[in-house]
**Student:** 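Have a look at this one before I ask anything.
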2 protein chains.
Amino acid sequence: MHELSPPPDDPKAVCPINTLMSVLSGPWTLYLLWVLSTKGPQRFGELRRQINGISTKVLTERLRMLEAEGIAYRDYKPTIPPEVTYGLTARGGELMEILDQLASLANRWYGEAPSNEGDRQRG
Amino acid sequence: MHELSPPPDDPKAVCPINTLMSVLSGPWTLYLLWVLSTKGPQRFGELRRQINGISTKVLTERLRMLEAEGIAYRDYKPTIPPEVTYGLTARGGELMEILDQLASLANRWYGEAPSNEGDRQRG
DNA sequence: CAGGATCCATATGGATACTG
DNA sequence: CAGTATCCATATGGATCCTG
């Protein structure tokens, strides 16, 4: 039985999987999740450097969204300068398991399978 | 081992899972997949009626995209009037299995679990 | 360091009208 | 019937500048 329920009233209305998908949809989000997942918890600046090309605006938006969904956590230490660390929550871990399946599927479909190679020299 | 590989050169460059996600991202796409998956192959007009509110433009775009990815097929019969039927391919089936997991996760997270109820009266 | 505020370019969806 | 073509409103990302 499929669990992709149709919208109650408004076709685009709040539907669990739509909510989840819209969180994952935007540019950078998957890459951000991948970084958090494989490289572990990191500070804002580190994330920005690893995700080369992302703007602080979008990085902040994505992190806030992931935090709001309980996928990532935010650890704020009000030192000077402040130290803010982000990482995946248990939910984030659950999600990554499924995303890995999706990635695995995508790799099979599209041929490229860097699964056991990690990142390239260019990364 | 996670399979969400980082982009080779351009951070937003072609990456299997990004490609796949961008296909699923837009409005209506998941709902369209859900309809095709649960209600079976259907003609263009039927789809439009079931997905209440979608424009022909977007419906066409989505179907073309799914077709291009091998997720859906298009069966065109040049009768008058023409009869075009869309349905999920084997790939589409594979994809739905994973999306179901995602939906199941989303339902657990967000509480709503219409999994054994199917659609509502409004659907 | 970790963002918030602002301005702008662009992509994309919605609505409508038209056609083989 | 199954689209295509067009115009428009809006959302969203990118770049830049500023600050506790």
Side-chain angles (χ1 to χ4, degrees), chain A residues 7 9-15 18-19 21-33 35-36 39 41-68 72-87, chain B residues 7 9-15 18-19 21-33 35-36 39 41-68 72-87:
Chain A
D9 288 85
D10 181 6
K12 301 192 298 181
V14 192
C15 167
N18 270 336
T19 304
M21 287 298 297
S22 68
V23 171
L24 306 177
S25 295
W28 305 110
T29 309
L30 287 175
Y31 188 38
L32 169 59
L33 281 174
V35 169
L36 287 174
K39 316 267 175 105
Q42 286 168 71
R43 297 178 60 179
F44 187 88
E46 294 181 277
L47 287 173
R48 181 172 30 164
R49 255 169 276 120
Q50 294 211 42
I51 306 174
N52 207 300
I54 196 173
S55 64
T56 63
K57 177 187 173 187
V58 172
L59 179 53
T60 302
E61 282 174 2
R62 295 299 185 269
L63 288 168
R64 294 272 187 279
M65 205 155 193
L66 293 177
E67 193 191 355
Y73 65 84
R74 177 175 186 267
D75 180 29
Y76 174 69
K77 293 184 181 177
T79 54
I80 296 181
E83 180 174 338
V84 184
T85 304
Y86 295 91
Chain B
D9 288 86
D10 182 7
K12 302 193 296 181
V14 192
C15 167
N18 270 336
T19 304
M21 287 297 298
S22 68
V23 170
L24 307 176
S25 295
W28 304 110
T29 308
L30 287 174
Y31 188 38
L32 169 59
L33 280 174
V35 169
L36 287 175
K39 317 266 174 103
Q42 285 168 73
R43 297 178 59 177
F44 188 88
E46 294 181 277
L47 287 173
R48 182 172 32 166
R49 256 170 275 118
Q50 293 211 43
I51 306 174
N52 209 299
I54 197 173
S55 62
T56 63
K57 177 188 173 186
V58 171
L59 180 53
T60 302
E61 283 174 1
R62 295 298 185 271
L63 287 168
R64 294 274 187 277
M65 204 153 194
L66 293 177
E67 192 192 356
Y73 66 85
R74 176 174 186 268
D75 181 29
Y76 174 69
K77 293 184 181 174
T79 54
I80 296 182
E83 180 175 338
V84 184
T85 305
Y86 294 91

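Each chain gets a letter, A, B and so on, in the order its sequence line appears, and its residues count up from 1.
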**Student:** Could you grab the distance from atom CZ of Phe44(A) to atom CD of Glu83(A), nearest 0.5 Å is fine?
**Tutor:**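 So the CZ of Phe44(A) and the CD of Glu83(A) are separated by 14.0 Å.
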
**Student:** Check every atom of dA15(C), dC1(C), dC1(D) against the side chain of Pro82(A) and return the nucleotide holding the closest atom.
**Tutor:** dC1(C)

**Student:** The helix from dC1(C)-dG20(D) to dG20(C)-dC1(D): angle between its terminal axes, five pairs each, to 10°?
**Tutor:** 50°

**Student:** Do Lys57(B) and dG3(D) share a donor-acceptor pair, side chain to base, under 3.5 Å?
**Tutor:** no

**Student:** Ile51(B) has an atom CD1; how far is it from atom P of dG13(C), in whole Å?
**Tutor:** 14 Å

**Student:** Of the candidate nucleotides dG14(D), dA2(D), dC1(C), which contains the atom at the shortest distance from the side chain of Arg48(B)?
**Tutor:** dA2(D)

**Student:** Is the base of dT4(D) touched by the side chain of Thr56(B) through a donor-acceptor pair closer than 3.5 angstrom?
**Tutor:**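 Yes, a donor-acceptor pair under 3.5 Å.
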
**Student:** Taking the side chain as C-beta and beyond, is there a heavy-atom pair between Glu46(B) and Lys39(B) under 4.5 Å?
**Tutor:**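 Counting from C-beta outward, Glu46(B) and Lys39(B) never come under 4.5 Å.
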
**Student:** Check the phosphate of dG3(D) against Tyr86(B), side-chain N and O only, distance under 4.0 Å to OP1 or OP2. Yes or no?
**Tutor:** yes

**Student:** Using whole Å, what does the distance between atom P of nucleotide dT12(D) and atom CE of Met65(A) come to?
**Tutor:**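 The distance from CE of Met65(A) to P of dT12(D) comes to 9 Å, rounded to the nearest Å.
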
**Student:** Counting only pairs under 3.5 Å, give me each side-chain donor-acceptor contact of residues 54-66 of chain B, with atom names and distances, residues two or more places apart or in other chains.
**Tutor:**
residue, atom, partner, partner atom, Å
Ser55(B), OG, Val58(B), N, 3.3
Thr60(B), OG1, Thr56(B), O, 2.7
Arg62(B), NE, Pro27(B), O, 3.1
Arg62(B), NE, Thr29(B), OG1, 2.8
Arg62(B), NH2, Pro27(B), O, 3.2
Arg64(B), NH1, Tyr86(B), OH, 3.4

**Student:** Nearest to the Pro27(B) side chain among dG4(C), dG13(C), dG14(D), which nucleotide is it?
**Tutor:** dG13(C)

**Student:** Nearest whole Å is fine: how far is dA15(C) C1' from Asn52(B) CG?
**Tutor:**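 The answer, rounded to whole Å, is 15 Å.
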
**Student:** Would you kindly give the CD-to-P distance between Glu46(A) and dA2(C), to the nearest whole Å?
**Tutor:** 8 Å

**Student:** What is the separation between atom CZ on Phe44(A) and atom P on dA2(C), rounded to the nearest whole Å?
**Tutor:**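 Spelled out: CZ on Phe44(A) to P on dA2(C) is 8 Å.
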
**Student:** So, do Leu24(A) and Leu24(B) sit near enough that their side-chain heavy atoms are less than 4.5 Å apart?
**Tutor:**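 No - every pair of side-chain heavy atoms lies 4.5 Å or more apart.
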
**Student:** Mind checking the CH2-CG spacing from Trp28(A) to Asn18(B)? Nearest 0.5 Å is all I need.
**Tutor:** 9.5 Å

**Student:** Does Arg64(A) have a side-chain nitrogen or oxygen under 4.0 Å from the phosphate oxygens OP1 or OP2 of dA2(C)?
**Tutor:**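 Arg64(A) to dA2(C) OP1/OP2: no side-chain N or O under 4.0 Å.
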
**Student:** Choose from dA15(C), dG3(C), dC1(D) the nucleotide whose nearest atom is closest to any side-chain atom of Ser55(B).
**Tutor:** dA15(C)

**Student:** List the atom of Pro41(B), the atom of Thr85(B), and the distance in Å for their closest heavy-atom pair.
**Tutor:**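 Heavy atoms of Pro41(B) and Thr85(B) come nearest at CB-CG2, 4.0 Å.
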
**Student:** Rounded to the nearest Å, what distance is computed from the CG atom of residue Leu59(A) to the C1' atom of nucleotide dT12(D)?
**Tutor:**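 After rounding, the reported distance stands at 16 Å.
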
**Student:** May I ask you to verify if any side-chain N or O of Arg74(A) is less than 4.0 angstrom from the OP1 or OP2 atom of dA2(C)?
**Tutor:**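 For dA2(C), OP1/OP2 do not have a side-chain N/O of Arg74(A) under 4.0 Å.
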
**Student:** Do Lys77(A) and Val84(A) have side chains that approach each other closer than 4.5 Å (heavy atoms only, starting at C-beta)?
**Tutor:** no

**Student:** Are Arg43(A) and dA2(C) close enough that a side-chain N or O sits under 4.0 Å from OP1 or OP2?
**Tutor:**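 Yes, within the criterion.
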
**Student:** CG of Leu63(B) versus C1' of dT4(D): gap in Å, rounded?
**Tutor:** 15 Å

**Student:** Let me know the distance between OH of Tyr76(A) and P of dG3(C), rounded to the nearest Å.
**Tutor:**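 It is 8 Å, rounded to the nearest whole Å.
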
**Student:** Considering just the side-chain nitrogens and oxygens of Arg62(B), establish if one lies under 4.0 Å of OP1 or OP2 belonging to dG13(C).
**Tutor:** yes

**Student:** Would you mind telling me which of dC1(D), dG14(C), dG3(D) lies closest to the side-chain atoms of Arg49(B)?
**Tutor:**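 Of the candidates, dC1(D) comes closest.
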
**Student:** If you measure from CG on Leu30(A) to OG on Ser25(B), what distance do you get to the nearest 0.5 Å?
**Tutor:** 8.0 Å

